[in-house]
Amino acid sequence: MPPTPDHFLQNLTEPQRDAVLHTEGPLLILAGPGSGKTRVITCRVANLIHQGVKPYRILAITFTNKAAGEMRKRIEAMLPLRGMWISTFHSFGVRILRQYAERLNLDRNFTIYDQADRSRLVKSALEACKIDNVRFTPDSIAGAISKAKNQLMLPDRYAGQAKDFFSQVVAGVYEVYEKKLRAANALDFDDLLLWPALALKNDAELRAELDARFQYVLIDEYQDTNKAQYAIARGLSIDYPNICVVGDPDQSIYKWRGSDIRNILDFERDFPQARVITLGENFRSTKAILQAADALIANNTQRKPKPLFTANNTGEPVRVLQFENGLDEAEQVVQRIRTAVDDGNRHYRDFAIFLRVNALTRNLESAFIRQRVPFQIVRGLAFFERKENKDVLAYLRLLLNPHDDLSFLRIINEPARGIGKVSLEHLTNYAEPRELSLLAAASEAEKISAIKGKASSGLRAFAQMMAELQPLVDATPDELIRQLLDRTGYRKMLAENDEEDQERLANVEELITAAHQFHEEDRTRTIGDFLENITLASDVDGWDESQDCVSVMTLHAAKGLEFPVAYMLACEQGLLPHERSLMKDEDVEEERRLAFVGMTRAKEELNLSWARLREFRGQTLYAVPSMFLGELPEDGVETIDLSASGAGASRTMDFWRNGLERTRKSWYDTGIPLTPARTQTKAVVADAVPSRKYTEGMVVEHEVHGRGRIIEVSGHGALRKIKIRFRSGERAFIADKAKLTVVEKK
DNA sequence: AAATACATAATTTTT
DNA sequence: TTATGTATTT
């Protein structure tokens with residue numbers, strides 16, 4: 001029984017209905033949090049299909065694979081969907097690149113390099129360029145390359161516009177990096193967007209073909225697309241400009257990754273006839289929550305004001321909880337959750353805890369375990385990032401792509417085969433001018449005179465072994481891994497030893513299970529698909545909703561989700577907003593949007609907390625409540641002081657509201673380390689301020705480097721750095737950590 | 001070449 | 001606190 005259009009339109013508000021019914025021509029939906037965006041999207045697709053549009057003419061782009069799966073499920077509940085593409089931009093890119101591989105002069109079996117691979121490759125490119133004496137880190141250079149790629153800039157054009165020293169260094173590295181990628185038959189994350197974008201630009205025939213194939217394009221979380229992604233969307237919507245983008249500028253939280261809010265302006269410029277529909281009414285949160293979020297985001301100046309309103313109840317006030325320290329915070333939050341569940345009002349799955357940084361999960365983890373409260377930390381890839389699993393995956397990658405030198409280097413001596421750094425240098429020197437992969441070079445190791453005895457035979461044996469494993473790539477994934485573990489000696493390496501190895505072995509076994517399940521779900525999926533799936537997975541993709549447990553995740557991972565009760569922990573200056581954002585107003589505004597995203601996840605109850613003392617990199621510092629707490633309205637917000645010092649309620653927000661008025665940048669000046677850690681008496685606090693005792697011009701004595709003069713002091717608190725000129729050269733230290741004695745004050 | 005001890009540096013967010 | 005690199009020994 002095919003559902004009638006009424007079916008999709010029931011219970012929709014007028015703007016929602018407009019959005020669903022607008023099928024032809026460009027459409028921009030500005031959807032505030034909780035405005036029923038998902039419903040509109042699914043109904044709109046269902047409506048399209050109902051009107052006779054073939055599912056395979058529709059392309060829907062989501063932000064995570066999980067969101068893609070969810071959307072598919074929801075639409076399928078209404079209509080059959082065979083042939084419709086729903087994926088992330090990156091998965092879409094891979095699919096196009098594999099499909100049109102020959103045409104784009106690509107090997108279909110390319111490996112996808114993640115950011116860790118990228119870092120290592122940049123490092124080796126740096127070495128190849130012989131620029132190891134510069135102070136730029138591989139990561140900063142990798143970041144610059146990534147940014148260039150996001151802006152569709154290839155090495156030659158980048159070199160052309162490189163003016164300052166840094167850009168010029170990057171330009172050189174970028175070119176070598178690209179060559180290395182090509183030689184390894186690998187693409188990095190950015191290439192998965194860059195290549196399709198350029199293909200659409202340069203190959204008119206291909207562009208027209210894909211444009212006609214995907215006559216209806218839908219893009220969710222549009223505020224977080226970058227230039228390359230926009231180029232793809234644009235290229236697919238010229239002959240058939242039925243493109244619908246959905247986003248909320250106030251929820252843009254990936255500027256640091258290249259997302260560009262200007263894409264919204266460009267959309268209206270490139271599609272002047274575009275219809276714009278605003279979904280403002282919130283159906284998710286209580287009035288109290290929404291008002292608090294609204295008041296917060298109103299502090300952003302780079303923003304078009306937009307009303308948030310709801311017909312929902314006022315509900316409980318938003319709570320700001322003050323704790324003595326991070327340990328207390330974790331324990332008491334978990335306890336509050338447990339109490340609510342014990343009282344029978346809630347399930348564990350109703351609760352989410354949001355954090356700005358992953359590193360903050362530690363205290364929570366032990367609190368959950370101690371109080372026996374079920375929880376899951378949503379950090380999807382952690383399992384595959386374990387050394388043993390990465391090793392096994394590297395073996396698989398090398399089997400599938402023998403040119404993958406990075407993987408070769410990872411496993412060539414794992415288990416030990418008597419092949420050390422020097423031998424590998426000889427091997428590289430042999431391989432490079434001959435344009436051989438390291439694996440190919442290894443197979444003819446006897447021709448390399450510089451490599452002797454054990455190393456030489458080890459290399460040849462390795463190449464031989466990989467060749468023998470080759471036919472197994474067609475076996476089932478789990479069988480392949482099992483064989484691989486036996487024949488490479490990896491299992492033997494782990495089998496003989498201590499408990500740590502036992503655990504590693506167990507992890508590898510779990511990897512086999514994962515591969516097995518992956519294959520069982522869909523027998524057509526290969527080991528290559530398995531690897532691809534792991535690389536392109538997002539953090540939330542590992543989130544299991546079916547469990548009745550508390551979810552812990554970063555604010556970034558929380559995007560798009562909702563929970564009856566949300567806790568946002570560590571709302572402290574330096575953490576939220578993060579210290580790395582404090583230098584620029586626009587970065588602070590992004591942090592504020594991040595807080596806004598977190599707050600608007602909550603349906604019924606919202607709790608924000610901070611602690612007076614925060615353990616940080618092994619030492620305890622005084623914390624300053626987040627400036628964002630001071631931006632909340634007094635109405636509908638309740639402040640509760642649960643700290644031992646109990647200085648009375650409401651100090652939190654007064655801190656920011658009233659005259660204290662410290663500049664944002666100065667929070668870490670109050671960060672006074674306590675020694676020894678965890679001591680909380682005021683006496684100890686008072687006398688130790690090592691970070692501030694050094695000044696420029698001082699002469700100091702260092703245990704190792706001898707006497708030197710301080711030439712620069714920067715940063716604050718635990719991050720305070722001092723630069724010292726010794727006879728042997730200049731060196732930088734963390735002020736707190738350096739073992740120095742003052743010889744002469746200036 | 002590999003194992004070990006030792007020092008020291010670094011820590012946002014992620015497809 | 002943890003990961004990474006360096007120097008030293010076997």
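A, B, ... follow the sequence lines: proteins, then strands. Residue 1 opens every chain.
For A/Asn65 and B/dT14, the CG to C1' distance is 13 Å, given to the nearest whole Å. The nearest whole Å value for the distance from the NZ atom in A/Lys255 to the C1' atom in B/dT12 is 14 Å. In this structure, the CG atom of A/Leu193 is 18 Å from the P atom of B/dT14, given to the nearest Å. Distance, A/Asn226 CG to B/dT14 P: 17 Å, rounded to whole Å. Separating the CZ atom of A/Arg257 from the C1' atom of B/dT13 is a distance of 9 Å, rounded to the nearest angstrom. Atom CG in A/Leu582 sits roughly 12 Å away from atom C1' in B/dT12 (whole-Å rounding). Nucleotide B/dT14 holds its P atom 15 Å from the CD atom of A/Glu221, rounded to whole Å. One can place CZ of A/Arg356 at 7 Å from P of B/dT13, the figure rounded to the nearest angstrom.
Other residues, nucleotides and ligands contribute more than 12 heavy atoms inside 6.0 Å of the NZ atom of A/Lys390.
In this structure, A/Ala557 reaches neither bases nor backbone, as no heavy-atom distance under 4.0 Å exists between it and the strands shown. If you check every strand for non-hydrogen atoms under 4.0 Å, A/Ile419 touches sugar and phosphate atoms only. Nucleic acid contact for A/Phe89: none, since no nucleic acid atom lies under 4.0 Å from a heavy atom of the residue. Looking at heavy-atom distances under 4.0 Å, A/Ala416 makes contact with sugar-phosphate atoms alone, never a base. At the heavy-atom level, A/Ser423 lies under 4.0 Å from the strands shown only through sugar-phosphate atoms. No engagement by A/Asp114 is indicated, since no non-hydrogen atom pair under 4.0 Å with the nucleic acid exists. Heavy atoms of A/Lys149 sit nowhere under 4.0 angstrom from any nucleic acid atom.
Taking a centre distance below 5.5 Å and an interplanar angle below 30 degrees as the stacking criterion, A/His90 does not stack against the six-membered base ring of B/dT15. For A/Trp256 and B/dT12, the ring-to-base geometry does not satisfy the stacking test (centroid distance below 5.5 Å, interplanar angle below 30°).
Closest approach to the A/Gln115 side chain among B/dT15, B/dA2, B/dT11 is made by B/dT15 (side chain taken as heavy atoms from C-beta onward). Candidate nucleotides B/dA1, C/dG5, B/dT12 were compared by shortest atom distance to the side chain of A/Glu591, and B/dT12 ranks first. Nearest nucleotide to the side chain of A/His556, out of B/dT13, B/dT12, B/dT15: B/dT13. Each of B/dA1, B/dT13, B/dT15 was ranked by its minimum atom distance to the side chain of A/Val422; first place goes to B/dA1. You'll find that the side chain of A/Phe189 is closest to B/dT15, out of C/dG5, B/dT14, B/dT15. With B/dA2, B/dT12, B/dT14 as the choices, the nucleotide that has an atom nearest any side-chain atom of A/Asn358 turns out to be B/dT14.
In this structure, A/Ser538 does not reach the B/dT14 phosphate: none of its side-chain N or O atoms is under 4.0 Å from OP1 or OP2. Here A/Asn413 reaches the OP1 or OP2 of B/dA2: one of its side-chain N or O atoms lies under 4.0 Å away. Applying the 4.0 Å criterion to OP1 and OP2 of B/dT14, one finds that A/Thr554 has a side-chain N or O inside that range. OP1 or OP2 of C/dT2 has at least one side-chain nitrogen or oxygen of A/Arg362 nearer than 4.0 Å. Neither OP1 nor OP2 of B/dT15 sits under 4.0 Å from any side-chain N or O of A/Ser91.
In this entry B/dT12 has no Watson-Crick or G-U wobble partner, no candidate having both defining distances under 3.5 Å. Pair assignment for B/dA2 gives C/dT9, based on Watson-Crick or G-U wobble hydrogen-bonding distances that are each under 3.5 Å.
Contact annotation: the side chain of A/His90 approaches that of A/Leu536 to within less than 4.5 Å [non-hydrogen atoms, C-beta and beyond].
For the pair A/Arg98 and A/Phe110, the cation-pi criterion (under 6.0 Å, within 45° of the ring axis) is fulfilled. Cation-pi geometry between A/Arg234 and A/Tyr230 is not met at under 6.0 angstrom from the ring centre and within 45 degrees of the axis.
A donor-acceptor distance shorter than 3.5 angstrom exists from the side chain of A/Arg601 to the backbone of A/Val597, with no hydrogens or angles considered.
Rounded to a whole angstrom, the distance from the P atom of C/dT4 to that of B/dT13 is 15 Å. Taking the C1' atoms as reference points, C/dG5 lies 24 Å from B/dT12, given to the whole Å.
The side-chain hydrogen bond (donor to acceptor under 3.5 Å, both in side chains) with A/Lys255 is formed by just one residue from the set A/Glu586, A/Glu589, A/Gln223; it is A/Glu586.
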What do the steps show when you test A/Ser609 against A/Cys571 for side-chain contact (heavy atoms from CB on, under 4.5 Å), and what is the final call? CA-CA 6 Å; A/Ser609 72; A/Cys571 296; 6.0 Å; no

